[in-house]
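Worksheet: one structure, shown below.
The figures that follow rest on heavy atoms only: side chains count, while hydrogens, waters and symmetry mates do not.
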Amino acid sequence: MPTYRPQQFNLRTAIAAMMSIAAVGAGQFYVPSATAQTAPVAPQKEAGVVAAIDKVLAGAHRSDINRARDVYRHPKETLAFFGVKPESTVVEVSPGAGWYTEVLAPLLRDKGQYSVAFPAASTRGLENFKKKLAEHPNLYDKVVITPFGTPDKLDIKPQGGADVVLTFRNVHNWLNDGMAEKFFKSFYDALKPGGVLGVVEHRAKPGITIEQSKKSGYMTEAHVIELATAAGFKLDAKSEVNANPKDTKDYEKGVWTLPPVLTEGDKDRAKYQAIGESDRMTLRFVKPAK
């Protein structure tokens with residue numbers, strides 16, 4: 001057997017990944033590493049996936065504020081790297097105000113399935129999220145909401161299992177709750193064999209402590225990989241699509257100093273806006289097929 005090593009992706013290769021999405025079982029997809037065997041995909045089908053994501057990103061339903069953040073969040077390249085396509089069954093964990101909901105719900109509405117695992121303790125957040133869904137029922141009417149986060153609310157598996165579980169900039173919050181290990185195990189249980197866990201997280205400099213991560217909002221790649229592999233996942237690839245070398249990661253008030261929060265208010269506002277949003281790791285894990 002060949003040695004299985006994670007790939008390092010940059011922006012160019014992440015975009016190229018859209019054109020090499022391979023099927024893994026019926027209705028289940030992910031972008032494999034270079035060592036995996038890739039089934040050929042018809043060019044027409046590849047083009048259809050690209051066109052579907054482009055159409056959603058250009059949709060009038062997306063707020064101007066959210067659209068302006070595409071330059072930092074790279075939604076098309078990120079979803080391509082994680083292997084999301086219109087036929088996928090996807091669970092997004094802790095969707096916040098619904099930034100990725102604006103992309104995923106319309107993309108998956110007709111041929112796939114989009115579920116959100118929403119923090120059970122966030123009553124106001126859930127109320128606001130439901131209001132957002134009500135604004136465009138023609139796009140958001142099939143979104144499934146599952147309470148998540150307390151010890152008795154860890155089952156987020158959709159019927160038949162998920163092809164992809166996604167979470168964006170959330171792992172540092174789970175350190176404070178002491179639930180990170182249990183959460184990653186629930187992601188593992190939610191996926192079909194061969195399914196993908198996609199994680200985007202604020203990236204710390206190597207060597208910081210857990211307490212420093214809690215305070216700053218930044219986590220080391222090593223810690224996130226440790227949490228995922230302890231739950232049974234295999235690291236399949238890394239991408240630099242959401243990297244930001246301008247982020248110095250040394251702010252007194254942590255990652256929230258940067259946009260979009262700008263917790264310092266007008267103090268050094270131009271400086272932080274020039275830096276942009278945080279430097280982020282983008283990691284693709286796979287649940288072993290056997």
Side-chain angles (χ1 to χ4, degrees), residues 14 17-18 21-32 45 48-57 59 61-62 66 73-119 129 132-133 136 139-148 154-171 183-184 186-201 228 233 236-237 239 241-242 282-287:
M18 174 67 75
I21 296 174
V24 184
Q28 184 177 344
F29 300 86
Y30 78 101
V31 185
K45 196 165 189 177
V49 173
V50 174
I53 295 180
D54 280 336
K55 182 178 179 180
V56 171
L57 292 175
H61 68 286
R62 298 189 68 209
N66 285 353
R73 295 193 168 186
H74 311 98
K76 180 165 68 172
E77 295 85 352
T78 299
L79 294 179
F81 178 70
F82 292 145
V84 175
K85 60 190 304 180
E87 299 92 337
S88 299
T89 296
V90 176
V91 178
E92 182 184 0
V93 181
S94 297
W99 195 94
Y100 260 102
T101 298
E102 289 186 355
V103 182
L104 289 166
L107 178 67
L108 302 169
R109 181 180 181 275
D110 294 334
K111 298 179 181 179
Q113 180 182 335
Y114 174 59
S115 301
V116 297
F118 207 95
F129 185 76
K132 181 180 183 69
L133 299 185
H136 296 284
L139 298 176
Y140 302 146
D141 58 329
K142 295 183 180 180
V143 176
V144 177
I145 301 174
T146 303
F148 172 74
L154 295 175
D155 184 2
I156 61 172
K157 184 177 182 179
Q159 185 174 4
D163 299 311
V164 184
V165 172
L166 300 173
T167 189
F168 302 96
R169 304 166 311 283
N170 286 308
V171 183
F183 286 0
F184 273 85
S186 74
F187 307 157
Y188 187 91
D189 293 340
L191 284 163
K192 301 174 184 177
V196 166
L197 169 64
V199 179
V200 176
E201 178 58 287
F233 288 103
D236 189 49
S239 171
V241 66
N242 293 303
T282 304
L283 306 176
R284 188 176 71 223
F285 300 95
V286 175
K287 178 176 180 175

What do the steps show when you test T146 against V116 for side chain to side chain contact (heavy atoms under 4.5 Å, CB included), and what is the final call?
CA-CA 6 Å; T146 303; V116 297; over 6 Å; no
Looking at every heavy atom in both V143 and A105, which two are closest together, and how far apart are they?
CG2-CB, 3.8 Å
Contact summary for P106 and H61, nearest pair of heavy atoms
CG-NE2, 3.7 Å
Flag side-chain contact, heavy atom, 4.5 Å: Y100 against L79
yes
Whether N170 side chain and S94 backbone form a donor-acceptor pair below 3.5 Å:
yes
How about F233 and Y188: are their ring centres within less than 6.0 Å of each other?
yes
Does the pair K111 and K85 meet the rule for a side chain to side chain contact (heavy atoms under 4.5 Å, CB included), with working shown?
CA-CA 9 Å; K111 298 179 181 179; K85 60 190 304 180; over 6 Å; no
Could you check whether S186 and D189, counting side-chain N and O atoms only, form a donor-acceptor pair closer than 3.5 Å?
no
Looking at K76 and D54, does any basic side-chain N land under 4.0 Å from a carboxylate oxygen?
yes
If you apply the rule side chain to side chain contact (heavy atoms under 4.5 Å, CB included), what do you find for V84 with I53, and how did you get there?
CA-CA 10 Å; V84 175; I53 295 180; over 6 Å; no
Any side-chain heavy atom of E201 within less than 4.5 Å of one from T282?
no
d(I156 CD1, L191 CG) to nearest 0.5 Å is 8.0 Å
To the closest 0.5 Å, what do you measure between CD (E102) and CG (N66)?
4.5 Å
Does W99 have R62 sitting over its ring (NZ/CZ under 6.0 Å from centre, angle to axis within 45°)?
yes
Evaluate the side-chain proximity of R73 to R169: yes if any heavy-atom separation is below 4.5 Å, no if none is.
yes
Mind checking whether H136 and Y140 have parallel, tilted or perpendicular rings, split at 30° and 60°?
perpendicular
Are R284 and F81 in a cation-pi contact, defined as NZ or CZ under 6.0 Å from the six-membered ring centre and within 45° of the axis?
yes
Below 4.5 Å, heavy atoms only, C-beta onward: do E92 and T101 meet side chain to side chain?
yes
The single option from V144, L104, L107, T89 that satisfies side chain to side chain contact (heavy atoms under 4.5 Å, CB included) with Y114 is L104
Non-hydrogen atoms of L108 and S88 that approach each other most closely
CD2-O, 3.5 Å
With a 6.0 Å cut-off on ring centres, are F148 and F118 close enough?
no
Would you mind reporting whether V171 and F184 have side-chain heavy atoms less than 4.5 Å apart?
yes
For the pair F82 and L197, evaluate side chain to side chain contact (heavy atoms under 4.5 Å, CB included) and give the outcome as yes or no after the intermediate values.
CA-CA 8 Å; F82 292 145; L197 169 64; over 6 Å; no
Under a 4.5 Å cut-off applied to non-hydrogen side-chain atoms, are F168 and P95 in contact?
no
Any heavy-atom pair between the side chains of V165 and V93 that's under 4.5 Å?
yes
Return the minimal non-hydrogen interatomic distance between K132 and G98, and the atom names on each side.
CE-O, 3.4 Å
Return the CD to CD distance between Q159 and Q113, rounded to the nearest 0.5 Å.
8.0 Å
Any heavy-atom pair between the side chains of S115 and I145 that's under 4.5 Å?
no
